[in-house]
Every structure is written in C-alpha cells, then in structure tokens.
> 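Here it is: the structure, laid out below.
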Amino acid sequence: ISHIMQDICPVWDADYFAATCPRLALNTKKPIKDFSRGMRMKMSLISALARRPRLLILDEATSGLDPVVRGGMLDLFLDFMQDEQRGILFSSHITSDLEQIADQIAYIHHGQLLFQKNKDELMEDMAIVRCSKEQLDTIPERLILSRQSGSFSHAALVRHPHEVRRILPNVVMDKASIDEMMQFYAGRDSQ
C-alpha cells in the first residue's frame, strides 16, 4: 500500500505509515478488497496522516467503529496535533470523542451556530441544576440557558454555576456533558 501511495502522493511519509499500521493492527499484507469497513477506515486515516497535512478535515471519522479502534484513532489524532502546528476540524455526533480530543467545540443545530467555545471553558461554565420549580424560579434568567420540566422534576442548563450555587447553596448541580448541553440547547426550540 505504502509504495503505491508514495508514487501518487507528492508528500508521503513511508516511515510514519509503516510505524502506524501496527498501532492500529492494520495488516497491510492483506489485499485491500478483503478489508472490513473498519480496516478501510483505519487505512484511510493512516494514509491521510502519512501525507503530513497541516489541517485534517474529518466527518464522522470514528462513527461505527468499536470502542477499541476508536480509542486508537483518537490517540493518533492527539499525536498528530501534539506539536500545535497541525490541527483537525472534526465533525462528529459522538460527543465523548470531542470531549477527549477537542480544544474548541462548536454546536450547529438546524444550520445555526448555537455556541462555539474553548472546551475547558465550556465544561467549567455550564452545569445542570435539578430542583423544584420554585427554586428554579429564583435563578435569574440571565443565568438560565434552557429549561426542562416534567411532571415531577425540573432542570435547567445554567451558566456561571458558582453564581447559581450562591443563590441556591443546597441545590443538586451536576457538571454538564457535551451531550447534555446539546440536548438542552436543542430543547430550546420547543420552548
């Protein structure tokens, strides 16, 4: 595979390709036509990285892969970006992957950019409050990004959790995952 790519790609790092294939358990002696979907994705990714791009654009690169293979690919992405001279624009519905490797997160819903923030700031600046309706009503609207109410429970995605904690010191407050943030933001459409 590497010798074919070397012939068609102006920039090709054969040593990188040879060293990376075993990391993802990719058997390059096997004919490509016999590769499984996962093996093809591994080969595509390793081939893209062996071209040594400064920016890699990936759409659902880990979708449909088992957790072990996904973990190996995410490790390759982190290695790729290690020198901070290279970057990845990564589109994914698997938000745990984003939590693991992203520096910045943008959420686009129905074609509209709802937020774009540094991941660490995003994770620190939002929380989910679970409380009674009466308690929820004491939180200033400027701190509430979205609400969800059921028959027996009320919750809100809030910004500046430290301010909410001063208002309601005993309320149940959890760190919000990216999944939860997106669910709350998407729920604003129906409010």
Side-chain angles (χ1 to χ4, degrees), residues 37 41 44-45 47-49 51-65 67 69-131 133 135-150 153-168 171-191:
R37 179 181 182 272
M41 289 197 59
S44 295
L45 174 66
S47 296
L49 292 171
R51 294 182 72 189
R52 311 314 276 166
R54 292 187 50 101
L55 176 65
L56 194 58
I57 300 173
L58 302 171
D59 183 27
E60 300 292 345
T62 59
S63 179
L65 298 176
V69 173
R70 256 188 32 240
M73 287 187 161
L74 294 175
D75 287 343
L76 284 181
F77 296 156
L78 289 170
D79 290 349
F80 172 77
M81 298 181 297
Q82 193 71 34
D83 67 0
E84 296 190 12
Q85 300 299 310
R86 301 175 191 282
I88 298 175
L89 179 60
F90 189 84
S91 167
S92 181
H93 288 90
I94 305 172
T95 57
S96 60
D97 289 356
L98 300 176
E99 286 181 15
Q100 190 171 339
I101 68 165
D103 292 327
Q104 294 275 326
I105 294 183
Y107 178 43
I108 300 171
H109 182 64
H110 295 305
Q112 181 179 5
L113 179 65
L114 296 183
F115 62 77
Q116 178 181 353
K117 273 194 159 191
N118 174 289
K119 179 192 68 179
D120 294 335
E121 289 175 24
L122 187 69
M123 302 303 284
E124 290 298 318
D125 194 44
M126 292 189 196
I128 297 174
V129 173
R130 300 175 200 291
C131 57
K133 181 177 181 334
Q135 289 172 311
L136 200 57
D137 290 342
T138 65
I139 301 172
E141 282 302 315
R142 68 179 174 78
L143 298 176
I144 297 176
L145 296 167
S146 180
R147 300 170 184 253
Q148 289 181 350
S149 294
S153 65
H154 299 275
L157 178 66
V158 296
R159 66 170 53 109
H160 309 305
H162 57 281
E163 287 186 47
V164 175
R165 179 65 66 202
R166 281 196 301 261
I167 297 165
L168 296 168
V171 75
V172 174
M173 188 178 316
D174 300 315
K175 284 190 173 257
S177 69
I178 295 171
D179 261 353
E180 291 169 317
M181 289 176 206
M182 291 179 177
Q183 290 168 12
F184 269 91
Y185 265 90
R188 293 191 324 181
D189 293 346
S190 60
Q191 293 179 6

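Counting from 1, the numbers follow the sequence of the chain as shown.
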> Is Met173 close to Ile128 at the side-chain level, that is, under 4.5 Å between some pair of heavy atoms?
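No, every pair of side-chain atoms sits at 4.5 Å or beyond.
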> Which atom names give the shortest non-hydrogen contact between Asn118 and Asp120, and what distance separates them?
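Residues Asn118 and Asp120, closest heavy atoms: OD1-N, 2.8 Å.
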> Tell me whether Arg165 contacts the main-chain N or O of Val171 through its side chain, where contact means a donor paired with an acceptor under 3.5 Å.
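Such a contact is found between Arg165 side chain and Val171 backbone.
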> Is the backbone N or O of Gln116 less than 3.5 Å from a side-chain atom of Gln104, with the two atoms forming a donor-acceptor pair by type?
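It does not hold such a pair.
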> Please enumerate all residues that pass side-chain hydrogen bond (donor to acceptor under 3.5 Å, both in side chains) together with Glu141, with sequence neighbours excluded.
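Listed in chain order: Arg147.
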> Just wondering, do Phe184 and Leu145 contact through their side chains at under 4.5 Å, heavy atoms?
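Not touching, per the 4.5 Å side-chain cut-off.
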> For the atom pair CE (Met182) and OG (Ser146), what is the distance rounded to the nearest 0.5 Å?
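Separation between the atoms: 14.0 Å.
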> If you round to the nearest 0.5 Å, how far is CD1 of Ile139 from CD of Glu163?
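Here the rounded value is 11.0 Å.
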> Is it the case that the side chain of Arg86 and the backbone of Leu56 share a donor-acceptor pair, with hydrogens and angles ignored and the cut-off at 3.5 Å?
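The answer is no, because no donor-acceptor pair under 3.5 Å joins these two groups.
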> Looking at Ser63 and Ile94, what are the two nearest heavy atoms and their distance?
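Closest pair (atom of Ser63, atom of Ile94, distance): CA-CD1, 3.9 Å.
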> Can you check whether Asp125 reaches Lys117 side chain to side chain, under 4.5 Å on heavy atoms?
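When only atoms from C-beta onward are counted, Lys117 and Asp125 do touch, with a gap below 4.5 Å.
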> As a quick check of understanding, evaluate side chain to side chain donor-acceptor pair (under 3.5 Å) for Ser92 and Asp97, giving each step before the final call.
CA-CA 8 Å; Ser92 181; Asp97 289 356; 4.5 Å; no
> Do Leu98 and Lys119 come within less than 4.5 Å of each other through their side chains, counting heavy atoms only?
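Of all side-chain heavy-atom pairs linking Lys119 with Leu98, none is under 4.5 Å.
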> Can you tell if the side chain of Leu157 reaches within under 4.5 Å of the side chain of Met126, non-hydrogen atoms only?
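Yes; the side chains approach each other to less than 4.5 Å.
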> With side chains defined as the heavy atoms from C-beta onward, is the minimum distance between His160 and Pro140 less than 4.5 Å?
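In short, these two side chains do not touch, never coming nearer than 4.5 Å.
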> How about CG on Asp103, more than 12 heavy atoms from neighbouring residues, nucleotides or ligands closer than 6.0 Å, or not?
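No, not enclosed.
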> When rounded to the nearest 0.5 angstrom, what is the spacing between CD1 in Ile105 and CE in Met181?
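It is 7.5 Å, given to the nearest 0.5 Å.
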> Could you check whether any side-chain N or O of Arg142 sits under 3.5 Å from a backbone N or O of Arg159, counting only pairs where one atom can act as donor and the other as acceptor?
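It does not hold such a pair.
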> Identify the two heavy atoms, one from Val158 and one from Ile144, that lie closest to each other, and give their separation to 0.1 Å.
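Minimum heavy-atom contact is CG1-CG1, 4.3 Å.
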> In the structure I gave you, are the side-chain heavy atoms of His162 and Glu124 within less than 4.5 Å of one another anywhere?
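His162 does not reach Glu124 side chain to side chain.
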> Closest approach of Ser96 and Arg70, non-hydrogen atoms and distance?
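Closest heavy-atom pair between Ser96 and Arg70: OG-NH2, 3.6 Å.
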> Looking only at non-hydrogen atoms, find the nearest pair between Thr138 and Leu168 and report the distance.
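Minimum heavy-atom separation between Thr138 and Leu168: OG1-CD2, 3.6 Å.
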> Using a 3.5 Å cut-off and no angle test, enumerate the donor-acceptor pairs between side-chain atoms of residues 73-83 and protein atoms at least two apart in sequence or in another chain.
residue : atom : partner : partner atom : Å
Asp79   : OD2  : Arg23   : NH1          : 2.8
Asp79   : OD2  : Arg23   : NH2          : 2.8
Asp83   : OD1  : Gln85   : N            : 2.9

> Any side-chain heavy-atom pair from Phe90 and Thr62 closer than 4.5 angstrom?
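They are in contact (side-chain heavy atoms under 4.5 Å apart), so the answer is yes.
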> Would Glu99 and Lys175 pass as an ion pair if we require N to O under 4.0 Å?
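Between Lys175 and Glu99 there is no salt bridge, as every charged N stays at least 4.0 Å from the carboxylate O atoms.
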> Angle between ring planes, Tyr185 versus Tyr107, binned at 30° and 60°: parallel, tilted or perpendicular?
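Rings of Tyr185 and Tyr107: perpendicular, over 60°.
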> Nearest heavy-atom pair of His154 and Ser149: which atoms, and what distance?
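What the structure gives for the nearest pair is ND1-OG, 2.9 Å.
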> Measuring from Ile108:CD1 to Ser91:OG, what's the distance to the nearest 0.5 Å?
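Going from the CD1 atom of Ile108 to the OG atom of Ser91 covers 8.0 Å.
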